[in-house]
Structure formats: structure tokens, C-alpha cells
Undergrad: 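Let me begin by handing over the structure; questions about it come next.
Naming convention: chains lettered A, B, ... in sequence-line order (proteins, then strands); numbering from 1 in each chain.
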Amino acid sequence: MTERIPRTDPRGTHQRRTLVVVGHGMVGHRFVQAAVERGLTETHDVVVVGEECRPAYDRVALTSYFAASSADELSLLPSGRYDDPRVDLRLGTRVTGVDAEDRTVALDDGTQVRYDALVLATGAAPFVPPVPGRDLPGCFVYRTIEDLDAIRDAAATATSGVVIGGGLLGLEAANALVQLGLETHVVEMAPRLMPVQLDEAGGRTLVRHVEGLGVTVHTGAATEAVLGEEAVTGLALAGGGRVEAQLVVFSAGIRPRDQLARDAGLAVAERGGVLVDEQCRSSDPHVFAIGECAAPGGVMYGLVAPGYSMAEVVVDALLEGAGTFTGADMSTKLKLLGVDVASFGDAFATTPGALELVFADAVAGVYKKLVVGRAEDGGHRLLGGVLVGDASAYGVLRPMVSSGITLPDNPEELILPARSGAGAQLGLPDEAVVCSCNNVTKGEIGSAVALDEDGAHACQDLSCVKSCTRAGSTCGSCVPVVKNIIEEHFAAQGRVVDKGLCEHFSLTRQELFDLVAVHGYRRFDDLVEAHGRGRGCEVCKPVVASILASQFNGHVLGAETKALQDTNDAYLANIQRNGTYSVVPRIPGGEITPEKLIVIGEVARDFNLYTKITGGQRIDLFGARMEELPQIWRRLVDAGFESGHAYGKSLRTVKSCVGSTWCRYGVQDSVGLAIALELRYRGLRSPHKLKGGVSGCARECAEARGKDFGVIATEKGWNLYVGGNGGANPAHAQLLAGDLDTETLVRYLDRFLMYYVRTADRLQRTSAWVEQLDGGLDRVRAVVVDDELGLGAELEAAMVRHIGSYRDEWQATLEDPDKLARFVSFVNAPGTPDPSIAFTTERGQIQPVVPDDGSGAGGGRTPEPVLVAATIGVREQA
Amino acid sequence: MTPPVGQEWEPVCRLEDLEVERGAAALVHGQAVALFRTHDDRVYALANHDPFSRASVLARGIVGTRGEVDFVASPMHKHAFDLRTGRCLDDDHVSVASYEVRIESGVVQVGSRQERRASA
Ligand code: SRM
Ligand SMILES: Cc1cc2nc3c(=O)[nH]c(=O)nc-3n(C[C@H](O)[C@H](O)[C@H](O)COP(=O)(O)OP(=O)(O)OC[C@H]3O[C@@H](n4cnc5c(N)ncnc54)[C@H](O)[C@@H]3O)c2cc1C
Ligand code: SF4
Ligand code: FES
């Protein structure tokens, strides 16, 4: 193969230059992004050579791969290519050598590429200490998606695993082994866990947490050998200790991948890493190094944020800017095995004259330490700190270190419990870096929400700020503070962040829900009189109807609520574009007898309905006239069907796969569970529709993780996932708890659903609700699994009340003439079908004739005067 | 063509046949008309046809107030129509016909189509 890089500008005016990037990891990717955004590709062709077979992915979130459905979820470049055609991304290709003289790199596919500038972004490799047995099958490292695939495969036949190294990455790996269901050990040579970040007391608190999760911690323990003949059987520790394990993960630190630079004769730092200056330039002026393979000033940084800064600095250098990298904040905040851990600034109080303030609560497992020094004005300033067990203050504290502001008079307030939310009110200066992953300051967040120069764009919410500034988009630890800054900004503008429902209520759905619970209102009129104004509208009425239904479960068409119901609830069916309705009987779990199928067929035939299998494993019958609905349902109810609530903001379906009854891979009866869950939660009115799924094994044929609640069978029971959906913004459900027996599963689900029903906003699905909860999924887990608020019993009782009061809506409607009164075509001509409804036939079934197709569906402006059939619709003659 | 609307008052139903703050469709002079009864027992009549979706459905919408105006939200895509005039509150260029209504001894009667002042 020969060189195929265009060497000249297509217009033939300038010589274009070539920039080669080695490594498409997190930092390499950020570099290319910045190069494109800042216009470097106007003058340079960029060739990116990446050894891994996939584009850059979020290594920081590597462990979530086990819970992800595919590697794509972690991808930083899901489309697999850059929008800019001048970037040539070559994956699955390794650079084998650099010729600094000739300015070429050699690739393992035999090609060579000439460069004008070379950027090394080769990252680091896990360090595997030279102990005997380290090459045995069963030994792994923890760095790439392939490593995780291999670990997962090995875990399938292992019962216990051991991680060598109790640092940040080692604990992360231990977390993964726990998730994989292994009995897990951590062996750390130092006398405490996370020796680099934590002091002794912090490390001890962490050990207690980690052991509480079933991990056995061996500190002060050196590994002498990995035992085993054909494959790993365990570890031998210095001093005679032994650990049984069939799987070993080495996580004893990382080493910069600087071999290319060494071979090319570039200077490397004493402890490894390409030695670079403040512009990240190596000893050869055409070669730069960034990320974990670089050692600016001799120091290697094992975190992503400094790598990102280096990437920006090199883009700047290539644009002849003056940016420099002069060291980085090594602060870390993590959630390890569900335990918050943070360490920032001068955590070990090495600054002369530094004082330590410590708060420790052994029972709660919380340890917090602040390191405080003298400020220039004589007050105190924050130098650093350690937080274990509760790191909620991290977002506020870390920027205080970097900005050096004077602390309030009682700095201990900052770490005392239950004083959170101090947030932005602490008066951080604009230059304070709030998001350290992406180096975003408080000022930049402020500008994102303020109008830009031409008055056009201003972010209105967190997600917009995230995408515009990148703040909060990496590790997420800064999100609460970013949110505070946004809200503070709006408040300062005198803008009330209006959370009210509509002009009739300045209350949120949750506030209304609580008012109804406290006062026991049963009527919209009472509620609007006491807490609102006007007569309501299409927004608040259905919300109130739903709240009343969630709490009292009266009939949708009951005297007090029938006027409030939204379009579909009002007729217990889904309205279609021509004003007819669809009918969806419940088919729990998708299981149906031939007899029932025949009934559906007969009903469809007799009423001439269009019949379709839905995406929800049931059958939809379309084209029913409103006045036919009672007759259709009479037939269905008599045959044992009930409403499928396809029309309600309520439980729709619990989808199932065939499961262990038939499937050769199934490990549990997924159909049985899906049916039980669908019957348990049927009729539950909720802020938005709810869907569930149950898969009989990890192959996930029921697509359970695409549902609001998803259950996946394991050998030992069920894994419960929550917060998934399809639709316009698909989200995968996340693991809430694993290996549950059925009883516990149902208990957690009862709590989860009721917690959602009580607190979510109108039309907010579970995924959006979990995301906006303070604390997100952890919060849900705290309430649902750990019952930290002590709400569990109450939520379960509410669900039991719901279940006890369930009645099929259609059956109840058929029994009550008052409810049936509505189902007539015309009050004064109940026998006359609406003459505006007409059908044609297509593929042997009916289809609506929609007048002048194509314009009405979107609800846009009607361009022409309209005259249709027997009805008059007129556009105002202006 | 629009059939000429009869001059006669046509009795349609009794007031109590109408649900409060909800609509019902009626056939009046051969037209599908949506009748709405408000919380204070006034009754309005609009053409039942939603000009946006072109379906005969307005009677099935939710009735409420926007500011001081009584309105119905079309069940199809929630466009709001002023119950008194048929004017669309979301789009000045669109409106539906409205009819005169009176109640005589508890019976709702629908009269002729209301003359509309040309909008500016
Ligand atoms: C009939 C069906 C399509 C089909 O022919 O397969 C369907 C039809 C409609 N869907 Fe759906 N959805 C159907 C399965 C789905 C699925 C697949 C599934 O459930 O596995 C999804 C993605 C999964 C999910 O919900 O997350 C789906 C995501 C939506 C959404 C997007 C929701 C979101 O959170 O983004 C909407 C819009 C909404 O609800 O606001 C929607 C709304 C609708 C509405 C209600 C639109 C409307 O307002 O008229 C349609 C009503 C049809 C009717 O009259 O019966 N439909 N819809 C499916 C009925 C399933 C059932 O048996 O009940
Ligand atoms: C499990 C885990 C958890 C972590 N958690 C955190 C965290 O919470 N916070 C944090 O800040 N950091 C964390 N890190 C560290 C973070 O992932 C790294 O700092 C970051 O990935 C460094 O980016 P990089 O581009 O320098 O290296 P990498 O992301 O490793 O990318 C380097 C790429 O270069 C490729 N490459 C190497 N040599 C060649 C060659 N010769 N030719 C072609 N390609 C080559 C490699 O295959 C690799 O794809 C974590 C790391 C791991 C493994
Ligand atoms: S995808 Fe759209 S058009 Fe298709 S059924 Fe769902 S809502 Fe209707
Ligand atoms: S600090 Fe990590 S995303 Fe902001």
C-alpha cells in the first residue's frame, strides 16, 4: 500500500500539512475534537492511528460496560467517524515505529505516513509485577473492553477472584468482580486502601465499607506468587498467607506507553513517560505527547482531566497560541463499590502550618477531613481534604481549593452533616474551576446561561449547559454544583424558575400529589378552589385525574373525574387520526390461548376492524367507532379479556421472552414472572406510561432493559433494572439490585413504582425522573433497597391498596348506564353513525380515508379553507 | 358547498343530558355540532370539526379556561378554541363555526351560525 494522504489543498493554493495522532483513546479523541473545533483542520490533514478495534470510549466508565448492553454505550464517537472529512481515522492499526529524522511513522499494515507534526497519545498500560505464575490462564488486567470481556468469560466458571492492588483502579476492578457474582478479595501491599489518595483514618473507613459489601481486604500483604498448574488456583502471600481464587486481576499501577518515543531516541522521564515541556513538546520539536503517555516536567498524570488539558495545549501550540500545561489538580472523587470517596488538594497536610479539621462518624461510616491554611488576608483558606462515605461536599470544596477564597468563619460547617446545598451560595469567584474533568469555570457556566452577544442562544437548563460547555459530562461529580450555579443565575435575574403546572396551578405535580394526600381532596373543584385559580385546562385536569387515580383508584369515568380525563382515558380507548378508536385487550406477558386468539379474530371480523400485532406483544384492533366500543368490549369481557390500558398513563405491558419453560438457555420462568407483574401493577395510574420486561437469561430477548423496569434472570434469581425506555430518547435501564429472590424483587418494585408515582413530574418517564433526582440512581437505591428514608413500608402499603382496589375498567363501564351514556355518536341521534368517517381497503383490511392527507397529522397550520363531508370547518376569512 | 344553515331553532337535548365541562356531539340541521356545557351552565355550540386534524372530534376535548376565556382543547393535538366564537387561541388564522344557543324550559336549542366580524 502506498501513502494516500492528499498532500495539497484541493484548490491547490497552499501546501496542507499532515498531523499524525498515535492512539485513539480518551485524550487522542479529545485532541481531534479540539483540532476540528478550533479550525486546525483548515490547514492540516489529520491521520489518527488507533490500535484498538473500536473508536475511543469512556475508559473512566469502563466498569459500567458490564451493565451496558453493548460497547457502543461507552463510545465517545458512536458514529465511528468524525464529521470532518479531513480526519482519517484508522482503527485496528498500530504504529510500530517513529522515524524522527524522516518524520515518518510506520504502521503495522506496512504503510508509512509522513508527518509535519506528531502527537503521541498512547496512554498507559497496567503494570504487572514480576511474580511467578503471572502468565497463567486466569490472570487479567483491567484496561480495555477486551479485558472486561475476557474477565466476564472467566468469571462464568469461577467462584472467587482476587485483585492485586488496592488503589483506585484495583477497587474499581473489585467492584466488577462483585458485580460478576464472585467472592472477591483485594490484596494491597501498603497498610491501607487507596494509599495515594487517602490518609490512614480515611483508608480505615473505606476498608469497613468495602468489607461490608462482602469483599475481603488484605492490607500490608505482598503477593509472592500466583499459584496453579494449568490455570490459576490462588495466590501465595508473603508470610505464608493464601487466597483461593480462579481469577486474578492485576491492578498494581500503570506505566506510560512510551516505547515508541524511547525507540525514536526521544527523552523520557525517570519514572517513565515522554518528557515534555509546558507546551507538551518532546525533545524533538515536531513531536508532542499528551495524556497518560506523557510526563510534563517529569510527572505522569493518571487521570483523564490533565490529559484533556494537554490536548488543548497542543492544539493551541499548533495554532501558534501560548497555552501551557503547568501541572494539574489530582483531585479524585469516585464511587467505589457504592462508597463515595474523594481526595483533593493537599490531602496529607504537607503544606507548612496546615491544620486539619476532622469529622468522623464510625456508625455511619463517614470520615471527612479538611486541610486548612492561612489566607493572605489573615483568614483561612482550604488546602485540601479527604471525604469517605459522604462526598457530597466535594463539588463545593474542590473549587474552593483552586480559587483560594477565604473560608467562612466556621469552616467546620462545610463538613458537618446535613448542611449540604451550600452550593454556589458560598460565593465562588468566576474563575473557580467547577468541572475539573473539562476545566470549566463558574464564569463559563454563567455565560452559557446568559444571552450570547447577538442575544440569540442562552441555555435554559442543565442538559443544554452540559452540551454547550461540557461541564458535568464526564465523571458527573460536579453536576449538583453546576445545577446550583444555573439556578442561582436565574434567581439573580429575578427570574422565578417556574415549576408550576400551568396558569391554574403554580404547584408541581409532586406538590399537588402531596396536597391531595394530606387533605384527601377527591374533586378537582375543591383542589382548584383551595390551591389554584380558574377552571383548569387540558394540562392540569388530566394531572389531577391521574393523581386522584393513583391515590384512590376510583373509576376513570366516575362522576368526579370523568370530565377531567384526557383524550384517550375519556373513552377508554386510543383515538385515531380519523376520530375512530383502537381497542387493545390485555394479554399479560404476551401469553395467549388459541381460544382467546380466536375470539379476538372473531370480534375483529364482526366489527370489521383493522388488526395488527403491536410492539408490545399484543393485538390492536383499529377503526372502532366510539359508539361501537361498548359492544366490542362486551364481547371481549365475556371471553375473559380486560382493558390493556393502551390509552392510560399507566402500566402498559410487561413484555416477556419464552424463558426456561421452553428455551434451552433460560434459567428462570420469565413468562410466569412477567404475567404476575403485569397483573400486579395493571391499572396503576402514573405520571407517564409504564412498561416492564422480563428476560429468562442474559441474552435479553425481552428487551427488558429498554423498559421502565426490567428483570433479567440469573442463576440465583433476578437482576432488577430501572429507568429504561425506547421512544425519542432511548435509555437503558440501570441495575438497581442483583440476584434477588422473587419476593424481594416484588418488594423493591412496589417501592420503586410508588416512589416514582409520588414524586415524578407530569409526563416524566422513569429514566428522566431518576436522572433529575438529587443523587440519581443512588438516591433510588437508598430509598428502595436500603430504605434509608424509612418509607419502604408506606410505599408497599400504598401498592397493596392499589392492588386491592383494582377492577377492570371496561367491565365496570359496561355495568353502569351512567358511564355508558357518553358512548353515543350524537346526543340527539344516537343511532346515526358519524358520516364523516370513511374507510378504504388496503391489503385486505380497512384503512381510514383521511381528507386531504398529509397536512393534518402534524397539527400545523391549515393552509386552505376546509370543507369536509358533512361537517363545516372554516378558516376565518380575513 | 356549505349547506345553508336553517333559521329555525332546533331543539337538541335537555340541559341535564350534557355533562358539565365536557362536550357532546349533536346533529343539527344535518351538521355535526359540538355542544359544551360550562360549570355555570352556559351552553356553547361549535362545529365539531377540528380544522387541524380534519376529524370530527371537538366535542370530545377537555373544557377549561385560558385567562377569562372558556375554551375546548381538541382531543387530537390539543389546539384550543374559544367556546364563544370558535376562534383558535393558538393560531389567529384558524377558527371553527360557532352557533347560537338558547335554553328553553330545560331544553337546549341550537340556532343559526353566528355572524362573524371580520378579524383585522
Ligand atoms: C400500537 C403501538 C405501535 C404498534 O403498532 O406496534 C403504539 C402506538 C402508539 N404509541 Fe407507542 N406504540 C406501541 C409500542 C411502543 C413501544 C414498543 C414497546 O412498548 O415495547 C415504544 C417504545 C418503548 C417505550 O415506550 O419506551 C413506544 C413508544 C412511544 C412513545 C415514546 C415514549 C417516550 O418515552 O419517548 C410515545 C409518545 C408518548 O407516549 O408520549 C408513543 C405513543 C403512541 C401512541 C399512543 C400515539 C398516540 O398518542 O396516538 C400510539 C397509539 C396507538 C393506538 O392508538 O393504539 N409510543 N410505543 C404499540 C402498542 C404497544 C401496546 O401493545 O400497548
Ligand atoms: C477502570 C478505569 C477507571 C478509571 N477511572 C478514572 C477516573 O475515575 N477518573 C479519571 O480521571 N481517570 C480514570 N481512569 C484513567 C483514564 O481512563 C485515563 O487517564 C485516560 O484514559 C487516559 O487517556 P489516554 O488517551 O492518555 O490513554 P488511553 O485512553 O489508554 O488511550 C490510549 C490509546 O492508544 C492506543 N495505543 C497505544 N499504543 C499505540 C500504538 N503504538 N499505535 C496505535 N495505538 C496505540 C491504545 O490502544 C489506546 O487505545 C480510569 C482508568 C481505568 C482503566
Ligand atoms: S411510532 Fe409513531 S406512528 Fe408509529 S405507532 Fe408509534 S406513535 Fe404511532
Ligand atoms: S468534574 Fe467530572 S464531569 Fe465535571
Undergrad: Centres of the Phe607(A) and Trp633(A) rings: under 6.0 Å?
TA: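 So the answer is no for these two rings.
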Undergrad: Given a strict heavy-atom distance threshold of 4.5 Å, which part of Ala25(B) is in contact with chain A: side chain, backbone, both, or neither?
TA: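 Contact with chain A: backbone and side chain both.
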Undergrad: Please state whether the side chain, the backbone, both or neither of Val72(B) comes within less than 4.5 Å of a heavy atom of chain A.
TA: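 Neither part; nothing is under 4.5 Å.
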Undergrad: Just wondering, do Trp9(B) and Arg102(B) contact through their side chains at under 4.5 Å, heavy atoms?
TA: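 Side-chain contact under 4.5 Å: yes.
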Undergrad: Heavy-atom pairs under 4.5 Å with chain A: which of Ala26(B), Gly64(B), Ala80(B) has the most?
TA: Ala26(B)
Undergrad: Measure Ala563(A) against the heavy atoms of chain B and call it side chain, backbone, both or neither at under 4.5 Å.
TA: both
Undergrad: Using heavy-atom distances under 4.5 Å, tell me whether Glu503(A) contacts chain B through its side chain, its backbone, both, or neither.
TA: side chain
Undergrad: Quick one: sort the His645(A) and Tyr647(A) rings into parallel, tilted or perpendicular, breaks at 30° and 60°.
TA: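 If you compare the ring of His645(A) with that of Tyr647(A), the planes turn out tilted.
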Undergrad: Please examine the side chains of Val96(B) and Pro51(B), heavy atoms only from C-beta on, and report whether any two atoms are closer than 4.5 Å.
TA: yes
Undergrad: Contact between Val544(A) and Val528(A) at the side-chain level, heavy atoms closer than 4.5 Å - yes or no?
TA: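 No, every pair of side-chain atoms sits at 4.5 Å or beyond.
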Undergrad: Of all of Thr65(B), Asp50(B), Ile62(B), which one pairs up most often with chain A through heavy atoms under 4.5 Å apart?
TA: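 Highest number of pairs under 4.5 Å: Thr65(B).
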Undergrad: Would Arg822(A) pass as a cation-pi partner of Tyr571(A), given that its NZ or CZ must be under 6.0 Å from the six-membered ring centre and within 45 degrees of the axis?
TA: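 Here Arg822(A) passes the 6.0 Å and 45° test against Tyr571(A).
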Undergrad: Verify side-chain hydrogen bond (donor to acceptor under 3.5 Å, both in side chains) between Ser53(B) and His79(B), making sure each step is shown before the conclusion.
TA: CA-CA 10 Å; Ser53(B) 67; His79(B) 293 92; over 6 Å; no
Undergrad: Tell me the ring pair (Phe, Tyr, Trp, His ring centres under 6.0 Å) pairs involving residues 528-547 of chain A, sequence neighbours left out?
TA: His519(A)-His531(A), Tyr521(A)-His531(A)
Undergrad: Check each atom of Leu564(A) against the heavy atoms of chain B and say whether the ones under 4.5 Å are side chain, backbone, both or neither.
TA: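 Only the backbone of Leu564(A) comes within 4.5 Å of chain B.
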Undergrad: Tell me, please, which residues at least two apart from Glu815(A) pass salt bridge (charged side-chain N to carboxylate O under 4.0 Å, His left out).
TA: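 Testing Glu815(A) for salt bridge (charged side-chain N to carboxylate O under 4.0 Å, His left out), a comparison that skips the adjacent residues, returns Arg807(A).
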Undergrad: Report the residues that fulfil salt bridge (charged side-chain N to carboxylate O under 4.0 Å, His left out) with Arg523(A), sequence neighbours left out, ordered by chain and then residue number.
TA: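 Arg523(A): salt bridge (charged side-chain N to carboxylate O under 4.0 Å, His left out) contacts with Asp525(A), Asp526(A).
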Undergrad: Just checking heavy atoms, which of residues 11-19 of chain B are less than 4.5 Å from chain A?
TA: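 From residues 11-19 of chain B, the residues near chain A are Val12(B), Cys13(B), Glu19(B).
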Undergrad: Could you look at Thr832(A) and say if it's the side chain, the backbone, both or neither that has a heavy atom under 4.5 Å from chain B?
TA: side chain
